[in-house]
Amino acid sequence: MGNQNLYLVGTVHIDLDGRERLDTLLDRLSPSVVALEFHKDRENMQSLRKSPEEEQKEINDMLDESGLDLNSKQRATLIEVGHRINDVMGYEFKSSRDYTQRNPASRLEYIDISVFANGKEEFAKGYVEAMKGVFKQIAEVPELAQPLLESLDGGIEVYKEHLRGGVQQIYQNAEAMAELFEMIKDPESFEMMKSVMPPQAVQALEQIYNPQRDESMAGRVRELYNENSKLVAVVGLGHVVGLKTKLEDLEPRVMTLAEYDSI
């Protein structure tokens, strides 16, 4: 069963239902401390959010560069999906903050290090470059491109269900995803990735996959943990296995956000 006063909850950052799931989970667990994969310098990320028109241009430029052969409906659906995902990103912070505001006896603690070693704007540019690389890879592999195009043909509601299915698959294959995360962090694997990515994308990914993040988060959870109160650590799914290993002696109860209804 694990330690009933220490929970590690793995999330998928683009989970369209993540806010509702995490709200329900936190209310059911009633933790004294929510330890969040977050850093203070991410509080004002909305200041980097582009207008819908700028977002649309950015996505169009990305698609033009990718080589994906999209018709007008497919392109419009993918642009709308981009808006929806941008709206979802950061739900872990919003849900955790709102929980502690509803429950004054609880508190929210940030446990991550900064991922903006080169500044927020540089990180955002690097993230966009990394996404361009993903689209280019999809365009080059018909087995990946065709299912994407077919799901886009159904419009936004059909594609949202496609995205939900993909997120659910990630939750169901959490261990395999964690192994992939660890493989990417491996220096040799990362060197191979660097050879096929633009420098800005490499910069962003080095910060995302920085091994020091797991070390710091585990250390902070250990500092915050009190066996007489309940702590829930909310982190991206890729961090869960590393944190579980580093906190093994505390026997945390480990779960994915998809299991929110099992509590």
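Here the structure is a predicted model, which means the values were calculated and not measured.
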* Pick from K40, E43, R42: which one makes a side chain to side chain donor-acceptor pair (under 3.5 Å) with Y110? ->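 With Y110 as partner, K40, E43, R42 yield a single side chain to side chain donor-acceptor pair (under 3.5 Å), made by E43.
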
Identify the heavy atoms of [X] and [Y] that sit nearest to each other, and give their distance.
X: V12; Y: Y91; value: O-OH, 2.9 Å
X: F123; Y: A204; value: CE1-O, 3.7 Å
X: L231; Y: A35; value: CD2-CB, 4.1 Å

* Asked: Hey, mind stepping through R102 and D27 against side chain to side chain contact (heavy atoms under 4.5 Å, CB included) and telling me if it holds?
  -> CA-CA 10 Å; R102 294 193 305 273; D27 284 339; 2.8 Å; yes

With a 4.0 Å cut-off, would you call [X] and [Y] a salt bridge?
X: E121; Y: K125; answer: no
X: D64; Y: R75; answer: yes
X: D17; Y: R164; answer: yes
X: E223; Y: R220; answer: yes
X: D15; Y: R21; answer: yes

* salt bridge (Lys or Arg N to Asp or Glu O under 4.0 Å): which pairs involve residues 137-149, sequence neighbours left out? ->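 Of all non-adjacent pairs touching residues 137-149, none passes salt bridge (Lys or Arg N to Asp or Glu O under 4.0 Å).
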
* To do: Sort and list the pairs that fulfil salt bridge (Lys or Arg N to Asp or Glu O under 4.0 Å) and have at least one residue in residues 226-239, not counting sequence neighbours.
  =>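 Residue pairs with at least one partner in residues 226-239: there are none.
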
Does the side chain of [X] reach to within under 4.5 Å of the side chain of [Y], using non-hydrogen atoms?
X: M89; Y: I14; result: yes
X: L243; Y: V221; result: no
X: K246; Y: M217; result: no
X: V234; Y: L25; result: no
X: D23; Y: D98; result: no
X: T77; Y: L70; result: no
X: E161; Y: E157; result: no
X: Q169; Y: Q172; result: yes

* Asked: Within the distance-only criterion (no hydrogens, no angle test), does the side chain of Q74 pair as donor or acceptor with the backbone N or O of L152 below 3.5 angstrom?
  ->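 Checked: no pair found.
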
* Flag, side chain of T100 to backbone of R97, donor-acceptor distance under 3.5 Å ->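 Yes, because the side chain of T100 sits within donor-acceptor range (under 3.5 Å) of the backbone of R97.
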
When the side chains of residues 255-263 are checked against the rest of the protein, which donor-acceptor pairs come out under 3.5 Å, sequence neighbours left out?
{"from": "T256", "atom 1": "OG1", "to": "A258", "atom 2": "N", "distance (Å)": "3.3"}
{"from": "T256", "atom 1": "OG1", "to": "E259", "atom 2": "OE2", "distance (Å)": "3.4"}
{"from": "E259", "atom 1": "OE2", "to": "T256", "atom 2": "N", "distance (Å)": "2.8"}
{"from": "D261", "atom 1": "OD1", "to": "R28", "atom 2": "NH1", "distance (Å)": "2.7"}
{"from": "D261", "atom 1": "OD1", "to": "R28", "atom 2": "NH2", "distance (Å)": "3.0"}
{"from": "S262", "atom 1": "OG", "to": "E259", "atom 2": "O", "distance (Å)": "2.6"}

What's the separation between atom [atom1] in [X] and atom [atom2] in [Y], rounded to the nearest 0.5 Å?
X: L148; Y: L68; atom1: CG; atom2: CG; value: 6.5 Å
X: L108; Y: S95; atom1: CG; atom2: OG; value: 10.5 Å
X: I111; Y: R222; atom1: CD1; atom2: CZ; value: 12.5 Å

For atom [atom1] of [X], is the number of surrounding heavy atoms from other residues, nucleotides or ligands below 6.0 Å larger than 12?
X: Y127; atom1: OH; value: no
X: Q101; atom1: CD; value: yes
X: D69; atom1: CG; value: no
X: K132; atom1: NZ; value: yes

* Under 3.5 Å side-chain donor-acceptor pair for D112 and H39 ->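 The criterion, which ignores hydrogens and geometry beyond distance, is not satisfied for H39 and D112.
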
Same cluster (ILVMFWY, side-chain, under 4.5 Å), [X] and [Y]:
X: L247; Y: V241; result: no
X: L205; Y: I113; result: no
X: I79; Y: V158; result: no

